[in-house]
Amino acid sequence: MSIYTMGIDVGSTASKCVILKDGKHIIAKSLVSVGTGTSGPSRAIAEVLENADMVREEMDFVLATGYGRNSLEGLADMQMSELSCHAKGASFLFPNVRTVIDIGGQDVKVIEIENGMMKNFVMNDKCAAGTGRFLDVMARVLEVRVEDLGMLGDESTKEVGISSTCTVFAESEVISQLAVGTDKRDIINGIHKSVAARVVGLCHRVGVRDQVVMTGGVAQNHGIVKALASQLQHEIHTSPLTQYNGALGAALFAFQKANK
Amino acid sequence: MAKEVSPGVLALRKVVDDVYADARKAKAEGKLVGWSSSKFPCELAEAFDLNVMYPENQAAGIAAQRDGEIMCQAAEDLGFDNDICGYARISLAYAAGKRASRKIDFETGEFVIDPNSGKPLKDENGNIVIDEATGKPKKDPKTMKPYIVLDDIHEIEALPEGREKELRLNAIQPYKQMRIPQPDFVLCCNNICNCMTKWYENIARMCNIPLIMIDVPYNNTVEVNDDYVTYIRAQFDNAIKDLEKLTGKKFDEKKFEEACKHANRTAQNWLKVCDYLQYKPAPMSGFDLFNHMADVVTARGKSAAADAFELLEKDLDKNIKEGTSTLPFPEQYRVMFEGIPCWPKLPNLFKPLKKNGVNVTAVVYAPAFGFVYNNYDEMVKAYCKAPNSVCIEQGVDWREGICRDNKVDGVLVHYNRSCKPWSGYMAEMQRRFTRDLGIPCAGFDGDQADPRNFNEAQYETRVQGLVEAMEANKK
Ligand code: SF4
């Protein structure tokens, strides 16, 4: 008989679920763009079950991860940190991965992986510069959609420097650049470089080994991926499933637990 | 359920209580009371029979009593930047006369209770009692506390004798750290850090009192070289002259030697106590060492402190023989906790450690305060070695030594926003720990005294991540 497991990743800005069959096949996924403290997690769970045409009782094990993981006590069988889950998910998608960079809604993590397991990690300090939230703030000031940042930055033709130290300072820098008529696309490119610079500092603290994989929603912004790759001088791999990586890792751990 | 406290711990608490009580008594009798940095050579003050209070210890206590924020804010209102060490801010506010005080209703003379304070009331079966009128849990009146407001001791003292003065004096928070005497002189040694220098200069200026300063330069080398010793020794001699002037007494060599003897014995016993953390599982929660540091700071030159540590040693020995521990949960993982704890958030700090079976079995305070010396020059050298005055090689060596001896599985690093010197080099140290010891390290942001700099959810994720990495590392 097959084993079905669910991974739930309750982030600060989105809730994601993955259902896995036999620890190998993703049979359903869901994503709701609000995170912990909202209806997001329960909606995401309902949606993923509907997509799989299954009910909660058919799940052999449910594991929650992410910032809001502890709010799911009762709903999930177990909680694990998003660090281990991102390591697990990335190792599934890229078996040779040694370094995982995850830029989430309000934190950045760099994870060192050995034999598919998390060996060590560093995370950002409490400052939000360099996180997904930073990009949200910038997109709002620039009046563009956050999803479009990557594409717009690609069209940049001129170097514009944006401070990498503080969201508030960077925001006012962007506003003053706009005030003097700088092209938005150049500003966006500058923002990408500034985020990358922040993350590179963290990467060097754990040490960068190939393969480098970037996960999390921000990995969909290829402007950031490109800036990061060039500053790190390493190739960076991403997957179309990047946003589900944490939930995938959780479902994989759930499979291990169900098998015990 | 009240925890049973061992004789050693009780003795250690009493030693510190006595230091505070003695200082209050001395002040009342018109004697001089000083404030001293934690690693100023206490042997000198002891030689002059001086009563001394320790602002770092005081500030830690105030922070642990949850009055750190109101005191830090008071210092900020006086113009001190919120980037300055939280201990310094608390101490400077206190020196300026600011006090955390319980709010009074002057009509009734009673304290005004904060309706949001307190814990839920439980019935005899331990179930939470619900208030039928509101549908919300009832509060246990015994745990409800008055609002805390800021008052000013100088203002109170200027009042005419009478009811208001009495009420306001009485309303000042009753715990010992909020009731220390104002200083008549300050003793500063910047082996702790350089923030100390300006902090004590400010107190001296604010209170218009003498400052006795010993400057210990940063050590670029592991060994303390002879030039340093000559330079610092001259300052010791100078401090003695200053103290003679201050007290009108001659330096008492005999008393000095006595104090040295006690300080050595305290250090030795402190080290022995710390060494009990080498046992696996450990007979105590290493977090307790942070509390016992109070004795090392405030009383290391007194025989009572040395005796109390000896008692604690006996308790620990008994624990080992009986296979018990003061750790309130089974020890599954052992970590070094790097840095000062977040005092206002101690329960929050402890909760995820408890949940995951993590015991703190190493803290750098063990080697950093366990210094033993045989003569004057060695004593000078010993005072050169404080956590923030030694070079990174020495700092790493101390820590890796206790990590190995105390068999830790990982390191939890507090990036303490208050303490720039201590946090600044941590990223590099962390890298070396992983490289040299092959163990995972996790860092979190916080603050020793200012609760505004700590985020519980961030902390929990990092602890859980560390636990998962330690688990993976064991396999
Ligand atoms: S060493 Fe750090 S915590 Fe201690 S007084 Fe100096 S800055 Fe503050």
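Order of the sequence lines fixes the chain letters, A, B, ..., with proteins taken first and strands second; residue numbering starts at 1 for each chain.
Heavy-atom distances place the side chain of Gln430(B), and not its backbone, under 4.5 Å from chain A. When heavy atoms are compared at a cutoff of 4.5 Å, Arg417(B) approaches chain A solely by way of its side chain, counted from C-beta outward. For chain B, no part of Asn115(A) is nearby; none of its heavy atoms comes within less than 4.5 Å. When heavy atoms are compared at a cutoff of 4.5 Å, Tyr67(A) approaches chain B solely by way of its side chain, counted from C-beta outward.
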(request) Given side chain to side chain contact (heavy atoms under 4.5 Å, CB included), test Asn473(B) with Met117(A) step by step and report yes or no. (result) CA-CA 9 Å; Asn473(B) 207 25; Met117(A) 300 288 272; over 6 Å; no
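The backbone N or O of Met118(A) lies less than 3.5 Å from no partner atom in the side chain of Glu468(B), so there is not a single donor-acceptor pair. Under a 3.5 Å cut-off, the side chain of Gln464(B) and the backbone N or O of Gln79(A) do form a donor-acceptor pair.
Residues Gly465(B) and Ser81(A) approach most closely at CA-OG, 3.7 Å, considering heavy atoms.
Within 6.0 Å of NZ in Lys139(B) there are more than 12 heavy atoms belonging to other residues, nucleotides or ligands. Atom NZ of Lys474(B) is surrounded by more than 12 heavy atoms from other residues, nucleotides or ligands within 6.0 Å. Counting heavy-atom neighbours within 6.0 Å of Lys407(B) NZ, excluding the residue itself, gives a total above 12.
To the nearest 0.5 Å, the span separating CE on Met470(B) from CG on Asn120(A) amounts to 11.5 Å. The distance from atom CG of Asp107(A) to atom OG1 of Thr461(B), rounded to the nearest 0.5 Å, is 7.0 Å. We find the CZ-CE distance between Arg462(B) and Met123(A) to be 4.0 Å, quoted to the nearest 0.5 Å.
Interface summary for chain A: among Ala427(B), Gly443(B), Gly438(B), Gly410(B), the most heavy-atom pairs under 4.5 angstrom belong to Ala427(B). Contact count versus chain A (heavy atoms, under 4.5 Å) is highest, among Asn455(B), Val467(B), Asn453(B), for Asn453(B).
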